[in-house]
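Let me begin by presenting the structure, written as structure tokens, before commenting on it.
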Amino acid sequence: MKLPTSYYQQDDVVALSRDLLGKYIFTSIDDIVTGGYIVETEAYNGIVDKASHAYGNRKTNRTSVMFQQGGIIYVYLCYGIHEMLNIVTSSEGQPHAILIRAVHPTDGIPVMLDRRRMAALKPNLTRGPGSVAKALGISRAINTLSLQSDVIWLEDRWLYFGDESIASAPRIGVDYADEDASLPYRFYVKGDPYVSKPNK
DNA sequence: GAGATGATTAGCT
DNA sequence: GCTAATCATCTCC
């Protein structure tokens with residue numbers, strides 16, 4: 001079952017990031033379904049978060065997606081090569097977003113291998129945000145698409161991780177954000193091989 | 001209209 | 001571990 005729009009409209013983006021661990025994400029592109037469950041996320045906490053593109057209520061063509069109401073996706077390009085998948089949350093005017101950093105693949109693995117030009121399944125198939133987007137076939141062409149669409153959506157399959165299986169840590173690659181860089185807004189499943197770097 | 005920059009990754013040492 | 005690759009977007013002139 002798809003998660004309803006109301007799920008994405010909760011105000012507490014940090015709690016939601018934690019809750020997304022274990023939820024399944026799927027894309028159906030060219031009639032091929034690929035996906036798996038989420039094992040690593042990062043929260044971007046609106047206008048007060050220096051690491052967010054929308055910090056200080058900065059609204060531009062690119063970031064205006066985040067100001068829309070929760071339940072859509074925000075895809076953008078970083079370092080000129082990597083496309084990243086974010087889920088927009090909360091209500092209109094609150095630019096909260098959650099970066100999907102890692103997914104544990106379960107469906108359409110051969111297709112994902114092909115997209116990544118890999119011969120065999122290895123943990124780096126969907127480890128790291130750029131890899132996740134590439135493996136799932138996500139590009140800026142589907143930016144702002146609704147999570148109620150038939151192209152990308154999330155499902156709850158009643159997979160839960162207890163507190164003892166989940167760890168939090170500072171976010172990655174946000175050194176420029178001063179004191180906000182050390183906030184524990186990154187959540188991941190302990191010991192999952194698809195989680196990027198420190199996976200204990 | 002031009003110049004700086006980054007929510008990264010792969011590949012080499 | 002470290003560094004290069006690489007370009008859309010933002011900011012300022």
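The sequence lines fix the lettering, A, B, ..., with proteins before strands; numbering per chain opens at 1.
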Nearest-nucleotide pick for A/L77, side chain only, options being C/dC10, C/dC7, B/dT8: C/dC7
A/Y74 side chain, from C-beta outward: closest of C/dC7, B/dT8, B/dA7: B/dA7
Rounded interatomic separation in angstrom, taking CG from A/L85 and C1' from B/dT9: 17 Å
Atom pair CG (A/N86) and NE2 (A/H53), whose distance is rounded to the nearest 0.5 Å: 8.0 Å
Nucleotide nearest A/L99 when distance is taken to its side chain, options B/dT8, C/dT11, B/dA7: B/dA7
Passing candidate, side chain to side chain donor-acceptor pair (under 3.5 Å) with A/H104, options A/Y24, A/Y194, A/Y37: A/Y37
Out of C/dT6, B/dA7, C/dA8, whichever nucleotide has its closest atom nearest the side chain of A/N86: B/dA7
Nearest listed nucleotide, side chain of A/T60, among C/dA8, B/dT8, C/dT11: C/dT11
A/R127/A/D192 ion pair, N-O < 4.0 Å: no
Rounded interatomic separation in angstrom, taking CZ from A/R117 and P from B/dA10: 13 Å
Whole angstrom value for the distance that separates P of B/dG6 from CD1 of A/I172: 17 Å
Rounded distance (Å) that lies between atom P of B/dA10 and atom CZ of A/R127: 10 Å
A/Y79 over B/dG6, stacked by centroid distance under 5.5 Å, angle under 30°: yes
Base B/dA7 paired with A/H82 side chain (donor-acceptor, <3.5 Å): no
Value in whole Å for how far the C1' atom of B/dG11 lies from CZ of A/R116: 14 Å
Side chains of A/Y7 and A/D19, donor plus acceptor under 3.5 Å: yes
Sugar-phosphate only, base, or nothing, as touched by A/S131 at under 4.0 Å among non-hydrogen atoms: sugar-phosphate
N/O (side chain, A/R186) to phosphate O (OP1/OP2, B/dA7) under 4.0 Å: no
Options C/dA8, C/dC10, B/dG6, nucleotide nearest the side-chain atoms of A/C78: B/dG6
d(CZ, A/R58; C1', B/dA7) in whole Å: 12 Å
Out of B/dA7, B/dT8, C/dT11, whichever nucleotide has its closest atom nearest the side chain of A/Y76: B/dA7
A/M66 side-chain proximity, nearest of B/dA7, C/dT11, B/dT8: B/dA7
Distance in angstrom units between A/E83 CD and C/dT6 C1', rounded: 13 Å
First of A/R140 and A/I81 reached from the 5' end of DNA chain C, by closest nucleotide: A/I81
Check ion pair A/K50-A/E179 (N to O, under 4.0 angstrom): yes
Heavy-atom closest contact (A/Y44 atom, A/A51 atom, distance): CE2-O, 3.6 Å
Counter-base of C/dT6, judged by Watson-Crick or G-U geometry with both distances under 3.5 Å: none
Separation of C/dT11 P from A/R62 CZ (nearest whole Å): 9 Å
Stacked pair A/Y44-B/dA7, distance under 5.5 Å, angle under 30°: yes
